[in-house]
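Beneath this line is the structure, given in structure tokens, with notes to follow.
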Amino acid sequence: MRAHYLQHVPFEGLGSIGPWLETAGYQITTTKLYESTSLPNPDQLDLLIIMGGPMSVNDEDRFPWLRAEKQFIRHTIESGKAVLGICLGAQLIASALGESVYPNRRKEIGWFPVEGIPQRQESTFQFPPSVEVFHWHGDTFDLPDRAVLLARSEACENQAFQFGQAVIGLQFHLETTPESAQAIVTSCREELLPSKFVQPEAAILDQAPDKYQKINTLMSKVLVFLRDKATSPPT
């Protein structure tokens with residue numbers, strides 16, 4: 001099995017996803033779009049992971065590769081492959097499916113709860129009723145047509161969605177480790193302007209190890225779900 005990930009900036013890598021992929025036996029390849037715009041053939045992938053980044057999906061003038069990236073994401077989805085988008089990655093999936101991405105009414109940075117929306121179908125991922133997760137986003141998106149909303153928060157309605165059997169977009173970061181949290185704070189601390197849903201640096205970083213373990217475990221459940229749905233017989 002081959003997992004390919006799209007990375008937009010050096011400080012937003014796979015986090016806890018990397019060890020999970022290795023343990024699950026995936027061959028891991030990457031396109032680091034800040035270095036290269038070479039994209040693989042979607043037919044040769046089993047899983048596409050789209051990481052976060054500080055840019056907007058609408059910044060095509062500044063980052064012309066965004067056009068090709070969105071076309072590639074759409075092609076991969078249409079090929080029936082498993083796709084996971086995180087933060088910017090979720091917004092790119094929404095954009096690739098024809099929806100608008102725009103500034104949310106509030107930025108959400110730090111550790112805040114999301115509310116899982118009850119799902120009746122086993123084919124849809126179920127988040128816990130409430131779980132505190134790591135956020136770093138200012139944009140939001142319209143929910144793609146035929147997508148199912150999986151989670152919301154007080155600051156942002158569209159926190160997670162599923163499209164089809166094996167495409168999931170997350171506005172929040174379940175892959176975050178102490179090292180990756182420090183990396184994004186170091187690179188983006190100018191965004192930490194006091195507001196209701198923006199925590200100070202100390203509050204973001206001063207977290208117990210089990211806080212990271214809990215979200216990383218939930219990230220593993222999302223990945224297992226995508227793996228199993230992508231490899232199950234078509235319905």
| query | Between the side chains of Q7 and T30, does any donor sit under 3.5 Å from an acceptor? | reply |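 On atom types as modelled, these side chains do not qualify, holding no pair under 3.5 Å.
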| said: Between Q119 and Q162, is there a side-chain donor-acceptor contact under 3.5 Å, judged purely by atom types and distance? | reply: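 Q162 vs Q119: no donor-acceptor pair found between side chains.
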| task | Would you indicate whether E35, at its atom CD, is surrounded by more than 12 heavy atoms from other residues, nucleotides or ligands within a distance under 6.0 Å? | result |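 Result for CD/E35: enclosed.
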| message | Can you tell me if Q213 has over 12 outside heavy atoms packed within less than 6.0 Å of its CD? | response |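 Not buried by this count: 12 neighbours or fewer within 6.0 Å.
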| said: As a test of understanding, state which of I168, T124, L143 forms a side-chain contact (heavy atoms from CB on, under 4.5 Å) with V148. | reply: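 In the set I168, T124, L143, the residue that makes a side-chain contact (heavy atoms from CB on, under 4.5 Å) with V148 is T124.
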| Pick one: which of L21, I28, V83 meets side-chain contact (heavy atoms from CB on, under 4.5 Å) with L47? |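 With L47 as partner, side-chain contact (heavy atoms from CB on, under 4.5 Å) holds for just one option, L21.
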Is it true that a side-chain atom of [X] and a backbone atom of [Y] form a donor plus acceptor pair closer than 3.5 Å?
X    : Y    : result
D43  : S79  : no
K70  : W65  : no
S36  : L33  : no
N158 : D142 : no
R74  : A96  : yes
T31  : S38  : yes
S187 : A183 : yes
E157 : R152 : no
H135 : F112 : yes
S180 : T176 : no

| Is the Y26 ring parallel, tilted or perpendicular to the W20 ring (thresholds 30°, 60°)? |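 Correct class here is tilted.
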From [X] [atom1] over to [Y] [atom2], what is the distance, rounded to the nearest 0.5 angstrom?
X    : Y    : atom1 : atom2 : value
S195 : E108 : OG    : CD    : 10.0 Å
S95  : L66  : OG    : CG    : 8.5 Å
I50  : L92  : CD1   : CG    : 6.5 Å
F163 : I93  : CZ    : CD1   : 10.0 Å
E175 : E12  : CD    : CD    : 7.5 Å
L48  : H75  : CG    : NE2   : 12.0 Å

| task | Decide ring-ring contact (aromatic ring centres under 6.0 Å, His included) for W111 and Y212; before the verdict, give the C-alpha distance in whole Å, the side-chain angles of both, and the deciding distance to 0.1 Å. | result | CA-CA 11 Å; W111 296 88; Y212 294 96; 5.3 Å; yes
When you compare the side chain of [Y] with that of [X], does any pair of heavy atoms fall below 4.5 Å?
X    : Y    : value
L6   : M51  : no
K32  : P10  : no
H137 : K107 : no
V133 : P113 : no
V185 : L205 : yes
V9   : M55  : yes
H4   : Q27  : no
S130 : E115 : no

| query | Does the ring center of Y102 lie less than 6.0 Å from the ring center of F141? | reply |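 No: the rings miss the under 6.0 Å criterion.
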| Are L150 and L170 close enough, and set up right, to give a side-chain contact (heavy atoms from CB on, under 4.5 Å), and what steps lead you there? | CA-CA 9 Å; L150 303 179; L170 308 175; 5.7 Å; no
| query | If Ile, Leu, Val, Met, Phe, Trp and Tyr residues are connected whenever their side-chain heavy atoms lie under 4.5 Å apart, and connections chain through other members, are I184 and F197 in the same group? | reply |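 No, it is not one cluster - the side chains of I184 and F197 are not joined through contacts under 4.5 Å.
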| message | Do the side chains of K196 and E154 get close enough for a salt bridge, i.e. N-O under 4.0 angstrom? | response |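 The answer is yes: the pair qualifies as a salt bridge.
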| request: Starting from the C-alpha separation in whole Å, work towards a yes-or-no answer on side chain to side chain donor-acceptor pair (under 3.5 Å) for Q171 and Q91. | output: CA-CA 8 Å; Q171 275 277 60; Q91 297 159 14; 2.9 Å; yes
Considering non-hydrogen atoms only, spot the tightest contact between [X] and [Y] and give its length.
X    : Y    : answer
G110 : I204 : CA-CG1, 3.9 Å
H8   : G52  : ND1-O, 3.2 Å
L149 : A160 : CD1-O, 3.3 Å
G116 : Q126 : C-NE2, 4.4 Å
P42  : F72  : CG-CE1, 3.6 Å
A82  : L226 : CB-O, 3.9 Å

| field | L84/L223 under side-chain contact (heavy atoms from CB on, under 4.5 Å): CA gap, chis, key distance, verdict | value | CA-CA 8 Å; L84 172 64; L223 290 164; 3.9 Å; yes
| Can F125 and F127 be said to form a ring-ring contact (aromatic ring centres under 6.0 Å, His included), step by step? | CA-CA 7 Å; F125 187 81; F127 277 95; 4.9 Å; yes
| said: Under the criterion side-chain contact (heavy atoms from CB on, under 4.5 Å), I'd like the reasoning laid out for K221 against T217: C-alpha separation, chi angles, the key distance, then a yes or no. | reply: CA-CA 6 Å; K221 291 180 180 179; T217 298; 4.3 Å; yes
| task | Check the pair C188, F11 against side-chain contact (heavy atoms from CB on, under 4.5 Å), reporting the backbone distance first and the verdict last. | result | CA-CA 10 Å; C188 301; F11 55 87; 3.6 Å; yes
